[in-house]
Amino acid sequence: YKLTDNDFVFWMSQGFMFCFFRLDEGDDPPIYYYCEGKKLNDFYKIADSFSSFLYRFYIADSNLFNINLWLYYALIGGFKEWLIGKLKQI
C-alpha cells in the first residue's frame, strides 16, 4: 500500500499514524487510516465522510481509531482545544 497523488493526508500523529481522504471521492469524502504498529494489509476506512470524522474526533469517539480510550484522548487533546476555540468564535 502506497499513497498516491490523489490522496490528501490531513492528520498525522508522531509520524506513525495518519488519516487521509481521496481527492476524487466528492465534497465530503470517506476517511482512511494507517497505523504502522497495527500491521494492516492496507489502509482502512474509519469514517464514511470527513464531516462524520470531525464530529467523532471532536466528541472523542474511542472507536474511531479502534485504540484504547486513554491513548485516544492523549492524541486529540490539542486538536480538541483548538476546535473548541474556533467553534466559540462562530
*Asks:* Look at atom CG of D27 and say whether more than 12 heavy atoms of other residues, nucleotides or ligands are closer to it than 6.0 Å.
*Replies:* no
*Asks:* Sequence neighbours excluded, which residues qualify as side-chain hydrogen bond (donor to acceptor under 3.5 Å, both in side chains) partners of D7?
*Replies:* T4, R22
*Asks:* Can you tell me how far the NZ atom of K2 sits from the CZ atom of F43, to the nearest 0.5 Å?
*Replies:*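 These two atoms lie 10.5 Å from each other.
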*Asks:* For residues L23 and D5, report the shortest heavy-atom separation together with the two atoms involved.
*Replies:*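 Heavy-atom minimum between the residues: CD1-O, 3.9 Å.
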*Asks:* Is there a side-chain contact between I31 and W11 (heavy atoms, below 4.5 Å)?
*Replies:*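 The answer is no, as the side chains (C-beta and beyond) never meet within the 4.5 Å cut-off.
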*Asks:* So does S49 get a backbone contact from the side chain of D28, meaning a donor-acceptor N/O pair under 3.5 Å?
*Replies:*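 Between the backbone of S49 and the side chain of D28 there is no qualifying donor-acceptor contact (under 3.5 Å).
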*Asks:* Could you tell me which residues satisfy ring-ring contact (aromatic ring centres under 6.0 Å, His included) with F10, sequence neighbours excluded, listed by chain and number?
*Replies:* F21, F50, F53
*Asks:* Angle between ring planes, Y34 versus F18, binned at 30° and 60°: parallel, tilted or perpendicular?
*Replies:* tilted
